[in-house]
Undergrad: 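I have a structure I would like to understand better, so I am pasting it below and will then ask my questions one at a time.
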Amino acid sequence: APRRYPRAEGSEGPGPAAAAGIGSKAASLKKYLRSQVSDEAFEQAYALVRSSGEGGNEELQQSVGEIIGAEKVPELLALFQLLCFLEDVAANPPADRGDVRSMTA
């Protein structure tokens, strides 16, 4: 069973407002990434990272490097992965509305 952490008094956990905040962070990150690469490169790299799941990181680095340029991979690959994570969390907030740390326990 996932470990439960005590909530701060009056804390509701990550409800709809928190999910909206995470969605806003995802939108800002997407805007930043689009400013760093061409629209076509963004779409290709985003699709590749989104479809990679937990796949091999070395292969992913090489593939994304071919799209956005190897020199940008160290900075931007992790941001593409973070974007996918934030979008997933915003779209599917924790069902039990508990502390977000319970998702990683």
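Numbering starts at 1 and runs along the sequence shown. Values below: every heavy atom of this structure, side chains too, minus hydrogens, waters and symmetry copies.
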Undergrad: Looking at Glu87 and Ala26, what are the two nearest heavy atoms and their distance?
TA: CG-CB, 4.0 Å

Undergrad: Roughly how far, to the nearest 0.5 Å, is CD of Gln44 from OG of Ser38?
TA: 7.5 Å

Undergrad: Decide yes or no on side chain to side chain contact (heavy atoms under 4.5 Å, CB included) for Tyr32 and Leu76, but give the supporting numbers first.
TA: CA-CA 10 Å; Tyr32 171 76; Leu76 299 184; 4.2 Å; yes

Undergrad: To the nearest 0.5 angstrom, please state how far the CD atom of Gln81 sits from the CG atom of Asn57.
TA: 6.0 Å

Undergrad: When you compare the side chain of Glu58 with that of Gln62, does any pair of heavy atoms fall below 4.5 Å?
TA: no

Undergrad: How close do Val64 and Ala45 get, counting heavy atoms only, and between which atoms?
TA: CG1-CB, 4.4 Å

Undergrad: Should we say atom CD of Glu40 is surrounded by more than 12 heavy atoms from elsewhere, each under 6.0 Å from it?
TA: no

Undergrad: Counting only N and O atoms by type, is there a donor-acceptor contact under 3.5 Å from the side chain of Lys72 to the main-chain atoms of Gln36?
TA: yes

Undergrad: Do Val73 and Phe80 have side chains that approach each other closer than 4.5 Å (heavy atoms only, starting at C-beta)?
TA: no

Undergrad: Quick one: list whatever passes side-chain contact (heavy atoms from CB on, under 4.5 Å) with Glu43, sequence neighbours left out.
TA: Arg34

Undergrad: For Val37 and Ala41, which heavy atoms make the closest approach, and how far apart are they?
TA: CB-CB, 4.1 Å

Undergrad: So which atom in Leu83 and which in Leu29 form the shortest heavy-atom distance, rounded to 0.1 Å?
TA: N-CD2, 3.6 Å

Undergrad: Decide yes or no for Lys25 and Val89: does some side-chain heavy atom of the first lie under 4.5 Å from some side-chain heavy atom of the second?
TA: no

Undergrad: Do Ile68 and Leu77 have side-chain heavy atoms sitting under 4.5 Å apart?
TA: no

